[in-house]
Structures are given as C-alpha cells and as structure tokens.
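Quick notes on the structure that follows.
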Amino acid sequence: MFHQQALRRLSRSAADETFLNPILPGFNPDPSIIRVKKDYFLTTSSFEYTPGAPIYHSTDLIQWTLIGHALTRKSQLDIKAPEPGGGVWACTLRYHSGWFYLTTCVWDRYRPQDSHERAWPRGFYVKTMDIWNSDSWTDPVYFDQPGFDQDLFWDEDGKVYLSTTYQKVNRDPESKLKDQAVHICIIDLETGNSTSKSTLIRESHVGSGVAEGSHIFKKGKYYYLFTAEGGTESGHSECCLRSEKSPLGPWEECPSNPLVHNSTEHEVQNTGHCDFVEDTEGNWWAVCLAVRPTNTGSGWATSVFGRESFLVPVLWSDDGWPELNFGRPISLLTIAPARGMYMYDQPTKWSEKFTSPKLQLGWYNKNTAVKPESECSLTARPGYLRMYGGPYRLSSPNSPTALFRKQLHRQGVWRTRLAFGPDSPGSEAGTAVYWNYFTWSSIGVRRAPSGARQIVLTPSEGEVASADLETDDAEVILAIECQESKYRFGFQEMTKAVKKSSENNFQWLGERSTESMTQDPPIGLPFTGMMFCLYTFAEMQRSLAPADYTYAEFM
C-alpha cells in the first residue's frame, strides 16, 4: 500500500519537481550530512589526499560550495605512503549542543586484504564550534574500539554511542566471508574511552559479508540503524533496522530491505552508504554514493569520477518504515515530493590565476606534504605559483611535489602555462591526469641529454613521446583534452613570434584511453577518482630550478 501511495504522489509531482544528480560530481564518496537551522553541511571521504575531510555547504540541497576541511594539520592527519585506497575513510558529520563533530579513521596500511591480518585503524573525532573556520577543528580524540566508518549517536538520556565496523572476534575460521560487522559501545565523549563492552548489532551475508557505513537515528519511538552492505561495487545496497528499546537492540529488519540497490543495467550503479537529514519543511532526504559508468555500446566502462554524492527523497510509511526514492532505482534525473526542487547544471568552467596570497579551495596534496612551505609559494614570484621540485616522482607512494584538483566533467580541456628551465636531465615540471601512483599520464618540460629543452609525454602505458622546444626560456602552455573515451596531450611554445595562444596551433603528442587510465591498481583498491595535477620533481634530490605556473583552468 505504501509503495502504491508513493507512486501516485510521484506521478502528481513529476512535471515540476525534478533535479539532477549527482549533487557533488567528481570524487566525493561516502557523503554524511547534517542541517543546522537553515544551513546544510556535508562531508565526504578524502582517502590519501590532504587536507582531509572536505566540508561543503548548501541552503537548498542542490547547490553546494566547498567551504573548508576538517583535517588540515599534521597533528590531525599524517599520511605517509599508503597504497591506493588508504587514508581517510567515511567521515561522519554530526552536530550536538553547539559543537560540530567529525568522526573518521585513517588507514596507514591497507594490505593485506585478508581481514584477520589487517592493521585495523583506531578511529577518532575532531570538533569545532565554527565550521566555517578550517583552523578551528581540534586535534583528534581517539576511540578504543577499532575499525572504520565511525558514527556517533547521542541518546536522550545523555549516553553517547559509537558504532563502527570491524571483523567479528568470534567467527567461523572456515568462513569464506569477510565477516566485517557493525559493533557498538557507549563512550565517554571527552576522552573517547569506552565505558561498555562492544556489542555486535549487525552482520551481513550479502556479497563478501560486510556491514558498514552505520548511522543511528531516533525518530518517534524507534531507533533506526542504517547500514551499507554488499560491498561498494556492483552489489552495493542500503539496509534499515529499528528498535523500540535501545541503540543496542534488539533490532527488527525492514521488510523492504534493501532500500536501495541499482543493478549493472542502470545508468547509475553501486548505490549505497546513505546518510539522512530532515529539511526545514519536515521532508526527509538521503545522500548516498553512486557511480556513473560510461556506456560504450558494448558494455560499461569505469567512471573516471569514481564514486560521487547523490540525493534522493525519503518517505515514511504509517507504520514507521522509510522508503528511498519511491522504491525506484536511483537515476540522474531525480523526482522529488513537492518541495520546490529545481534543475541545476553544474558549472563546467573553472580557472585560477595565481595572483592571491592563498590558493582557491579544492587543491590537494597526495599524502601529508613534508615541506609544503619550501616547495610551493604564491609570493616568491608575484603572479605565479612557484614550485621547487622534491625528490619524488608521481610514481612514488611518497608525497610528490604536486597540487591536485578533482576532475568534475567528462569533456573539456585542462590547461596550464609554465615557465621552467630545468637545471639537469633529471628535473621535470608539467601537468598530469592522475588515477593513483600506478596509473597516471603526464606532459612536462625537461632537458634532453643533448642539452635542449623538450616536451615529454609519459603515458600510463606505451612509449614515451617527446618534442624539442625552439627556445631555452619561452613559457609553454600544456593541455590535456578530456573526451568520453580518451585523454589527449598537447602543448604550445609561447615564443616571441606567437601573439596569442590558439588550440589550432597546439602540437599533440599522443593520447591515452580512459580505459587504460582507470585500471585497478595491483595493490590496494581504486576508491578515488581522476585528478588533474601540477607537478615538478628532481630525481632523488631537490630541484634548484623553480617551476612557475601562471594559471590553471578547465574550459
């Protein structure tokens, strides 16, 4: 009956209550959301990129703006050399008694994949009373209960519950499942210390046997437990349980489970890992992760964006069960119950001229940068971003001298203008499209053994291509053209004879398919999305020649 009522309501509102997903395109997985008065705040996972835990703001759930990060200091986050898939996982954002809390964990070492041999992280929270000020977040308060996907719940009696996922202690040694289950305990919030034993409250036998992404809410007389199950790949789904007694259970399973599960036949896939919010008008919404694979005609190709953040409506039945997206698969065009939602096309153009004393928000380091002040400067040469190359290439698991930005659109051109006179054959500066330290393709300036400056294309696979430059000092414009199925790499030397840059005058050195650029890494997992970066390095030493960038843009 509830499903039929929802569909009737859906048909009435379909004409004018539609909006586009994802609400946060590009690499933005594991969304967690809250509302404080009329303001919505959302965070996503950042994995090996720093600063960690991006904070987004919205007043209407449709348009979101990056306002800062919760983890900006080495005392909060010190990521050294994780495999792909390591770093900061699944932050949860909560608000209680004037304080914003963000819980998470950091995987220093993600290998081996076997659950019982993993180096399980010890989660923590940071907090602030001013979410607009990234510097105001406290240093971490660590928990006793290990695991990942930490969630805090404040009960009406003042008790604070921590739920998290880790492998069952008493498991069948012959089990073929990962047996990673949701556990909960009561904690002392000031110290993070556990004040009760851990209780297993949800395990899953779907897929590889993982129940994760737990969030607990109280609505009416029920406690609700939401979990992501089936893994974050094609089997991903969202389940719901409820209890009248306590966050410790006993739990009753929702008869409509899974609430969300898109198959590999849909344009949106891998849906799950939901968090929930009530808007100012009493409507409920869920944010979740999903992917947008590319339809090649013969199958689906891996999305260059990785996992993104989606929004869907939530309706509640008369007997107290939720239904997500009217019980239908999540799609790019989303229908909402009457609330004045609207169509919004994400901006496709972006640019930064390095004329301000601070970078725009949205630039990242890989890992925690060791010497950021001496390697990158906006004041050493006014009007330029000056970078001194460190000893690590992009292929190193260590932190290279590079600044990264998320790819948000499939089609367009990423460009930068560079002044660089390499002081040795081992020095290089340029730009790249970057999946992880195993898979990236760069185009940069370096010095040939002959002594001439040259442009070098280093692809993720295949032969290196190069072209000699005419001069030893002219700036160059480097370009990466993004298409549905490939990336193309080119350059233009801005000699005195060149009056104006033109794509018609670009020399294109080569291309790489998006398929080759989105391969799974040999170790770790591909949990992030494609990034553009500006980089410079010297072979196992500091470069004494600065790389000066005039601008970076996506057009």
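All residue numbers refer to positions in the sequence shown, counting from 1.
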After noting the C-alpha distance and the side-chain angles of W285 and D279, does the key distance pass the side-chain hydrogen bond (donor to acceptor under 3.5 Å, both in side chains) rule?
-> CA-CA 8 Å; W285 302 87; D279 68 23; 2.9 Å; yes

According to the interplanar angle, ranging from 0 to 90°, do the rings of F226 and F217 count as parallel (below 30°), tilted (30 to 60°) or perpendicular (above 60°)?
-> perpendicular

For R94, all residues meeting side-chain hydrogen bond (donor to acceptor under 3.5 Å, both in side chains), sequence neighbours excluded | D151, H215, D275

Looking only at heavy atoms, the pair that brings N367 and K80 closest together is ND2-O, 2.6 Å

Applying side-chain contact (heavy atoms from CB on, under 4.5 Å), run through T528 and W435 and close with a yes or a no.
-> CA-CA 8 Å; T528 57; W435 188 241; 5.8 Å; no

Any sub-3.5 Å donor-acceptor pair from T195's side-chain atoms to I186's backbone N or O?
-> yes

Using atom types as modelled and distance alone, determine if a side-chain donor or acceptor of D149 lies under 3.5 Å from a backbone N or O of W89.
-> no

Which pair of non-hydrogen atoms, one from L289 and one from P31, has the smallest distance, and what is that distance?
-> N-CD, 3.8 Å

Okay, side chain of Q407, backbone of F305: is any donor-acceptor separation there less than 3.5 Å?
-> no

Gap between atom OH of Y437 and atom CD1 of I523 - 0.5 Å precision | 4.0 Å

Using modelled atom types only, decide if a donor and an acceptor are shared between the side chain of Q76 and the backbone of W137 within a distance under 3.5 Å.
-> yes

Donor-acceptor contact below 3.5 Å, side chain S32 vs main chain L93 = yes

Take D60 and Y40 through the test side-chain contact (heavy atoms from CB on, under 4.5 Å) and record every step on the way to the result.
-> CA-CA 8 Å; D60 60 10; Y40 300 92; over 6 Å; no

So T232 and R307, side-chain contact (heavy atoms from CB on, under 4.5 Å) or not? Walk me through it.
-> CA-CA 9 Å; T232 194; R307 300 169 300 163; 2.9 Å; yes

Taking atom CG of D188 and atom CG of L162, what is their separation to the nearest 0.5 Å?
-> 12.5 Å

Lys/Arg N to Asp/Glu carboxylate O, R202 vs E229, below 4.0 Å = yes

When the ring planes of F100 and Y95 are compared, do they come out parallel, tilted or perpendicular, using 30° and 60° as the limits?
-> tilted

Would you call P397 and P82 a side-chain contact if the rule is heavy atoms closer than 4.5 Å?
-> no

State, with a plain yes or no, whether a side-chain heavy atom of F124 is found less than 4.5 Å away from one of L71.
-> yes

W316/Y224 aromatic ring centres below 6.0 Å | yes

H273 side chain reached by P29 side chain, heavy atoms, under 4.5 Å = no

Assess whether atom OH of Y392 is packed by more than 12 heavy atoms of other residues, nucleotides or ligands within 6.0 Å.
-> no

Hey, what's the ring geometry for H57 with F41, parallel, tilted or perpendicular (30° and 60° as the breaks)?
-> tilted

Aromatic plane relationship, Y364 with H69 - under 30° parallel, 30 to 60° tilted, over 60° perpendicular | perpendicular

Ring centre gap for W99 and Y125 strictly below 6.0 Å | no

Ring-ring centroid check Y166 H183, cutoff 6.0 Å | yes

Distance in Å, E212 CD paired with Q180 CD, rounded so as to fall on 0.5 Å steps = 7.5 Å

Any side-chain heavy-atom pair from N295 and E267 closer than 4.5 angstrom?
-> no

Shortest non-hydrogen contact from F27 toward K406 | O-NZ, 3.0 Å

Are any of the side-chain heavy atoms of W120 and W107 separated by less than 4.5 Å?
-> yes

Nearest non-hydrogen partners of H96 and Y101, listed with the distance | O-CE1, 4.0 Å

Go through the steps to decide whether Q145 and S198 satisfy the test side-chain hydrogen bond (donor to acceptor under 3.5 Å, both in side chains), and finish with yes or no.
-> CA-CA 8 Å; Q145 185 169 267; S198 296; 2.5 Å; yes

Would S136 and D130 count as a side-chain hydrogen bond (donor to acceptor under 3.5 Å, both in side chains) if you check the C-alpha gap in whole Å, the side-chain angles of each, and the deciding distance to 0.1 Å?
-> CA-CA 7 Å; S136 67; D130 183 6; 5.1 Å; no

Is the shortest heavy-atom distance from the side chain of Q63 to the side chain of I23 under 4.5 Å?
-> no

Are the side chains of S45 and F527 in touch, meaning some heavy atoms are under 4.5 Å apart?
-> no

Interatomic distance, L61 atom CG to T59 atom OG1 [nearest 0.5 angstrom] | 8.5 Å

How long is the gap from CZ on R242 to OH on Y222, to the nearest 0.5 Å?
-> 3.5 Å

Whether T44 side chain and D30 backbone form a donor-acceptor pair below 3.5 Å = no

Taking all atoms of both residues into account, what is the closest heavy-atom pair of S214 and L225, and its distance?
-> CB-CD1, 4.0 Å

Report the C-alpha separation of N28 and S309 in whole Å, then their side-chain angles, then the decisive distance to 0.1 Å, and conclude whether the side-chain contact (heavy atoms from CB on, under 4.5 Å) test is met.
-> CA-CA 6 Å; N28 278 295; S309 290; 3.9 Å; yes

Applying salt bridge (charged side-chain N to carboxylate O under 4.0 Å, His left out) to K371 and not counting sequence neighbours gives none

For the residue pair I55 and L102, establish whether any side-chain heavy-atom pair is separated by less than 4.5 Å.
-> yes

Spatial distance of atom SG (C239) from atom CD (E253) [nearest 0.5 Å] | 6.0 Å

What are the two closest heavy atoms between H236 and N270, and how far apart are they?
-> ND1-O, 2.9 Å

